[in-house]
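Here the structure is laid out as structure tokens; the discussion comes afterwards.
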Amino acid sequence: MGKFQEDAKKLLEDVGGKENIAAVSHCATRMRFVLNDANKADTAAIEKIPSVKGTFTNAGQFQVIIGNEVAQFYNDFSSISGLEGVSKEQGKAAAKQNLNPVQRAISVLAEIFTPLIPALVIGGLILGFRNVLEGIPFGFLDGQKIVEVSQFWSGVNSFLWLIGEAIFQFLPVGITWSITKKMGTTQILGIVLGITLVSPQLLNAYAVATTAAADIPFWDFGFAHVNMIGYQAQVIPAMLAGFLLAYLEIFFRKVIPQAVSMIFVPLFALVPTVLAAHLVLGPVGWAIGSWISDVVNAGLTSSLNWLFGALFGFLYAPLVITGLHHMTNAIDLQLIADFQATNLWPMIALSNIAQGSAVLAVIFMHRGNKEEEQVSIPAMISCYLGVTEPAMFGINLKYVYPFVAGMIGSACAGLFSTLLDVKAISIGVGGLPGILSIVPQYYLVFFGAMMIAVVIPFILTYIFRVKGIFNKLDPVDEATGRLFVEEN
């Protein structure tokens, strides 16, 4: 008998039975269900199952947090239910039946950028480390920078740019590859398309502004000239080109005989896409991206920037719940491409810290609840390292008041950060390590914002709990002033 047989049997019953499951799969820590009728799932009962550490619904999937033993749990669930699982990608496809058009668009955006996150994170760490090496004059070095006094560290700084450049300036390659992967088309064609957007033959995107119009190279077709401009670090041009390539390939697969498809499908999909990318999609995408970044940057640098910062800080955690936060990746990258820094990403790191601090307060108040600590302590650590979902879905949304306290703390930290114009040079690791991605001159200010994101949510969580605001769970014994905590 499997270790999780009883829990799996209870879960099957509480999700509405076998007939209510359209698809089931699992990831690293969660069971993922596509339910025919989500209302039949008894969330309260499910969360009482000993193996379950929390539940939430995202992108049309009802997800049950199990932890690192999810694979074993899944095997026991399959044997109990008799259901054959599907791959995570098939599960996502099935889940789309539960999404509206806006949710589907956001889901697509998330699926494009999620595979790129590991590279973006390591790239952010590298640029942050290079900030320390080449951007900070140290008093103990008589006001000089590390690269100015050490040939070794100067060499390290130069070497690390090889990786940083590959990640950020050649980002369109990753985007076009990810789109072809998501659309199920030929991935090498996506890579080739991305390379044609950043080829050394082209004028670098960063040099366009300082190059006279007469000096911009071009392809001469006799009847027309097409500018040879690169799209280094540009997000929207790469996305437009990637989707055009994918849809052209899908179309020509249907109309070209299979006997010659290997020759003509790539030819008719790739060549017109590259031409369209440089003739239409690139310039249009660049204009759209610049407009978006200009609007966001205007909001962050206007006289009302404090309001923008407070609202973004307050709303970012709810955006994570809906999945809309994936849009910020594209906006951040566009801001970096246009302004060499982003004011938006620091507030994202601060929101992560604020939600983690709310969990820390819950841990403090519920100390002695060993069962909950199995969820809350790892969730807090994860939150402080930039991954908020376990904390929000496992603890903060369960009680509500910690979630609201985290939102308010994030709003205060975002207001402070925006007022003092804190900028990040790149996307990096969220949470506490986020300071490494901050422009060096703002390190001290950002540290102050981090303290706000730690202290205010912690205090508010305690106050909300004691006063019974937003939540009535675990009431306070008025005679002793202590919280009732279930002993386990």
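- In this structure, Gln61 and Arg32 approach most closely via the heavy-atom pair OE1-NH1, 2.9 Å.
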Starting from the C-alpha separation in whole Å, work towards a yes-or-no answer on salt bridge (charged side-chain N to carboxylate O under 4.0 Å, His left out) for Lys9 and Glu13. CA-CA 6 Å; Lys9 183 178 180 180; Glu13 176 185 335; over 6 Å; no
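- Note: His278 and Trp219 have perpendicular aromatic rings, judged against thresholds of 30 and 60 degrees for the angle between ring planes.
- Residues Gln232 and Glu165 bring no donor and acceptor atom of their side chains to less than 3.5 Å of each other.
- Contact check for Phe129 versus Leu436: no side-chain heavy atoms found under the 4.5 Å cut-off.
- Nearest heavy atom pair, residue Phe170 against residue Ala166, reads CB-O, 3.3 Å.
- Looking only at distances, no side-chain donor or acceptor of Ser199 sits under 3.5 Å from a matching main-chain atom of Thr196.
- For the pair Thr273 (side chain) and Ala269 (backbone), a donor-acceptor distance under 3.5 Å is present.
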Hey, mind stepping through Asn343 and Leu335 against side chain to side chain contact (heavy atoms under 4.5 Å, CB included) and telling me if it holds? CA-CA 8 Å; Asn343 304 66; Leu335 285 169; 5.9 Å; no
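- Minimum interatomic distance between Val226 and Leu279 (heavy atoms only, all atoms of both residues): CG2-CD1, 3.7 Å.
- For the pair Glu6 and Lys10, the salt-bridge criterion is not met [side-chain N within less than 4.0 Å of a carboxylate O].
- Between the Asp42 side chain and the Val15 main chain, no donor and acceptor come within less than 3.5 Å of each other.
- One N or O on the side chain of Ser81 and one on the backbone of Phe77 form a donor-acceptor pair closer than 3.5 Å.
- Residue Ser302 holds its OG atom at 5.5 Å from CG of Asn305, rounded to the nearest 0.5 Å.
- In this structure, Ser158 contributes its side chain and Ser154 its backbone to no donor-acceptor pair below 3.5 Å.
- Using modelled atom types, no side-chain atom of Ser417 and backbone atom of Ala413 make a donor-acceptor pair closer than 3.5 Å.
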Please step through side chain to side chain contact (heavy atoms under 4.5 Å, CB included) for the pair Ile438 and Lys423, ending with a clear verdict. CA-CA 6 Å; Ile438 302 301; Lys423 293 184 175 70; over 6 Å; no
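- Between Phe33 and Leu11 there is a side-chain heavy-atom pair separated by less than 4.5 Å.
- Of all heavy-atom pairs between Gly16 and Asn20, the closest is O-CB, 3.4 Å.
- Ile179 has its side chain within reach of Phe243: a pair of non-hydrogen atoms, C-beta onward, lies under 4.5 Å apart.
- Ring geometry for Tyr231 versus Trp286: interplanar angle over 60°, hence perpendicular rather than tilted (30 to 60°).
- Closest non-hydrogen pair, Gly174 versus Leu116, comes out as O-CD2, 3.5 Å.
- Between the side chains of Gln355 and Ser410, no donor N or O sits under 3.5 Å from an acceptor N or O.
- One side chain, Thr55 or Glu47, offers a donor N or O that lies under 3.5 Å from an acceptor on the other.
- Each of Ile288, Ile331, Ile336, Leu333 was compared with Val235 under the side-chain contact (heavy atoms from CB on, under 4.5 Å) criterion, and only Leu333 meets it.
- Residues Gln234 and Ala238 come closest through the heavy atom pair O-CB, 3.8 Å.
- Considering CG of Asn157 and CG of Leu133, their distance stands at 5.0 Å, rounded to 0.5 Å.
- The side-chain contact (heavy atoms from CB on, under 4.5 Å) with Ser290 is formed by just one residue from the set Val295, Asp338, Ile236; it is Asp338.
- Considering only heavy atoms from C-beta on, Leu189 stays 4.5 Å or farther from Thr185 through its side chain.
- Ser51 contributes atom OG, which lies 6.0 Å from atom CD1 of Ile66 (distance to the nearest 0.5 angstrom).
- In this structure, Glu249 contributes its side chain and Thr186 its backbone to a donor-acceptor pair below 3.5 Å.
- Remark: Ile395 CD1 to Ile377 CD1 distance equals 10.0 Å, nearest 0.5 Å.
- In this structure the side chain of Val64 never reaches within 4.5 angstrom of the side chain of Val70, judged on heavy atoms.
- By the 4.5 Å heavy-atom criterion applied to side chains, Val34 and Val24 are not counted as neighbours.
- Remark: side-chain polar atoms of Thr342 are paired, donor with acceptor, to backbone N or O of Leu344 under 3.5 angstrom.
- Side-chain atoms of Ser79 come within 3.5 Å of backbone N or O of Asp76 as a donor-acceptor pair.
- Aromatic rings from Tyr247 and Phe252 are positioned such that their centres are separated by 6.0 Å or more.
- Using cut-offs of 30° and 60° for the angle between ring planes, the Phe223 and Phe221 rings count as tilted.
- Residues Phe312 and Tyr316 bring their aromatic ring centres within 6.0 Å.
- Within the 3.5 Å criterion, the main-chain N or O of Ile229 finds no donor-acceptor partner in the side chain of Asn227.
- In this structure, Thr176 and Ile191 have side chains that are not in contact, with every pair of non-hydrogen atoms separated by 4.5 Å or more.
- Distance CE/Met31 to CD1/Ile65: 13.0 Å, rounded to 0.5 Å.
- If you look at Tyr442 and Phe446, their ring centroids are not closer than 6.0 Å.
- The structure places CG of Asp7 at 12.5 Å from CG of Leu12, a figure rounded to the nearest 0.5 Å.
- You'll find the side chain of Tyr384 stays beyond 4.5 Å of the side chain of Pro433, heavy atoms only.
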